[in-house]
Participant: 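Pasting a structure here, questions to come.
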Amino acid sequence: MKTFHNFLILILLVVTNTSCLKSGLDELETFDQNDITNVRFEYRWWDETNKRMRVIEMDVNKTFDNDKKEIFCSINVPATNNSFTATIRELVSLQTLAINVDASTAVRITPVGNAPQMGTFPADFSAKEFTYKVTAGNGDEANWTIIISDFKK
């Protein structure tokens, strides 16, 4: 009897919690922007002493050309500190960085050609020029080129 009672309650809940609303809903905004608004490079390493992953962000001077969809980056490796030792700093190169970007709402970013995948580590940026296809929520596409004009250690 208890099982039958629980089954009836389940059926009642299913029926009362379904929706038949098919009209009168607000239209959701379809985003049409496909811009990259910020670029960051970082180096990651395993700190064996503290048993944890460490990350240090590179100092990046950026120049945006929104008309040409180009970003020029000058990367400076930060000075050493307690966790970012001289030994670790020596390992930093264009072949051992990760890239992260800020972009317009609801975009998809995909690498074009030899461009490294966003967020993967390590990624090889030694070619110094990479193109990413940025697709807006409405399907509009733009190719953005990230150019590393300088790397100082």
Participant: As a test of understanding, state which of E48, M53, R52 forms a side-chain contact (heavy atoms from CB on, under 4.5 Å) with N50.
Facilitator: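 One option only clears the test, and that one is R52.
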Participant: List for me each residue that meets ring pair (Phe, Tyr, Trp, His ring centres under 6.0 Å) alongside Y132, sequence neighbours excluded, and say none if there are none.
Facilitator: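 For Y132 there are no ring pair (Phe, Tyr, Trp, His ring centres under 6.0 Å) partners, ignoring immediate neighbours.
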Participant: The test is side chain to side chain contact (heavy atoms under 4.5 Å, CB included); show your working for T131 and T145 and say whether it passes.
Facilitator: CA-CA 4 Å; T131 302; T145 302; 3.3 Å; yes
Participant: Report yes if the side chains of M58 and E42 come closer than 4.5 Å at any heavy-atom pair, otherwise no.
Facilitator: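 When only atoms from C-beta onward are counted, E42 and M58 do not touch, as no gap falls below 4.5 Å.
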Participant: Under 3.5 Å, is there a donor-acceptor pair between the side chain of W144 and the main chain of N34?
Facilitator: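 Looks like yes, one N/O pair under 3.5 Å.
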Participant: Sequence neighbours excluded, which residues qualify as salt bridge (Lys or Arg N to Asp or Glu O under 4.0 Å) partners of E141?
Facilitator: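 In terms of salt bridge (Lys or Arg N to Asp or Glu O under 4.0 Å), with neighbours along the sequence ignored, E141 is linked to K133.
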Participant: Just how far is it from atom NZ of K152 to atom CG of N76, taken to the nearest 0.5 Å?
Facilitator: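 Separation between the atoms: 5.5 Å.
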Participant: Are the side chains of I146 and F125 in contact, using a 4.5 Å heavy-atom criterion?
Facilitator: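 When only atoms from C-beta onward are counted, I146 and F125 do not touch, as no gap falls below 4.5 Å.
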Participant: Measure the shortest side-chain to side-chain distance between V77 and Y43 over non-hydrogen atoms and say whether it is less than 4.5 angstrom.
Facilitator: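 Side chain of V77 against side chain of Y43, heavy atoms only: no contact under 4.5 Å found.
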Participant: May I have the list of side-chain donor-acceptor pairs in residues 92-102 shorter than 3.5 Å, sequence neighbours left out?
Facilitator:
residue: S93; atom: OG; partner: Q95; partner atom: N; Å: 3.2
residue: S93; atom: OG; partner: Q95; partner atom: OE1; Å: 2.9
residue: T96; atom: OG1; partner: L91; partner atom: O; Å: 3.2
residue: T96; atom: OG1; partner: S93; partner atom: N; Å: 2.9
residue: T96; atom: OG1; partner: S93; partner atom: O; Å: 3.2
residue: D102; atom: OD1; partner: R40; partner atom: NH1; Å: 3.1
residue: D102; atom: OD1; partner: R40; partner atom: NH2; Å: 3.4
residue: D102; atom: OD2; partner: N38; partner atom: ND2; Å: 3.4
residue: D102; atom: OD2; partner: R40; partner atom: NH1; Å: 3.2

Participant: Keeping the roles fixed (side chain from D124, backbone from S126), state whether a donor-acceptor pair exists under 3.5 Å.
Facilitator: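 Here the side-chain-to-backbone pair exists.
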Participant: Classify the ring geometry of F84 against W45: parallel below 30°, tilted from 30° to 60°, perpendicular beyond 60°.
Facilitator: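 Because their plane-to-plane angle lies in the 30° to 60° range, the rings of F84 and W45 count as tilted.
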Participant: Say you draw a straight line from CZ of F130 to NZ of K128; how long is it, rounded to the nearest 0.5 Å?
Facilitator: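 Those atoms lie 10.0 Å apart.
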Participant: Return yes if some donor-acceptor pair links the side-chain N/O of S149 with the main-chain N/O of C73 below 3.5 Å, else return no.
Facilitator: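 Looks like yes, one N/O pair under 3.5 Å.
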Participant: I'd like to know whether NZ of K153 has more than 12 heavy-atom contacts from other residues, nucleotides or ligands below 6.0 angstrom.
Facilitator: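 Counting other residues, nucleotides and ligands, NZ of K153 exceeds 12 neighbours.
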Participant: In Å, rounded to the nearest 0.5 Å, how long is the span from OG1 of T63 to CD of E70?
Facilitator: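 If I round to the nearest 0.5 Å, the distance is 11.0 Å.
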Participant: Can you sort out the partners of D32 under side chain to side chain contact (heavy atoms under 4.5 Å, CB included), two or more places apart, ordered by chain and number?
Facilitator: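 Residues passing side chain to side chain contact (heavy atoms under 4.5 Å, CB included) with D32: N138, D140.
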Participant: Can you establish whether the number of heavy atoms outside R108 located under 6.0 Å from its atom CZ is more than 12?
Facilitator: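 For R108, atom CZ is not crowded (no more than 12 foreign heavy atoms under 6.0 Å).
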Participant: Counting C-beta onward and ignoring hydrogens, is there a side-chain heavy-atom pair between I36 and I71 closer than 4.5 Å?
Facilitator: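 Yes. Closest side-chain heavy atoms under 4.5 Å.
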Participant: Could you tell me whether the side chains of N81 and S83 share a donor-acceptor contact shorter than 3.5 Å?
Facilitator: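 Judged by distance alone, the side chains do pair up.
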Participant: My understanding is that only residues two or more places apart in sequence, or in another chain, count here; which of them pass side chain to side chain contact (heavy atoms under 4.5 Å, CB included) with P122?
Facilitator: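 Listed in chain order: nothing, the list is empty.
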Participant: Examine distances only and state if a side-chain atom of S104 and a backbone atom of D35 form a donor-acceptor pair shorter than 3.5 Å.
Facilitator: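 It does hold such a pair.
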Participant: Using a strict 4.0 Å threshold on nitrogen-to-oxygen distance, state whether D47 and R54 make a salt bridge.
Facilitator: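 Salt bridge between D47 and R54, a charged N being under 4.0 Å from a carboxylate O: yes.
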Participant: Treating K62 as the side-chain partner and V39 as the backbone partner, does any N or O pair qualify as donor plus acceptor under 3.5 Å?
Facilitator: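 Present.
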Participant: Could you tell me whether the side chain of R89 and the main chain of P78 form a donor-acceptor pair under 3.5 Å?
Facilitator: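 Yes; judged by distance alone, with no hydrogens or angles, the pair exists.
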Participant: Given a cutoff of under 4.5 Å between side-chain heavy atoms of I, L, V, M, F, W and Y, with clusters grown through shared members, what are the other residues clustered with F72?
Facilitator: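 The other cluster members (ILVMFWY side chains, heavy atoms under 4.5 Å, direct or chained) are I147.
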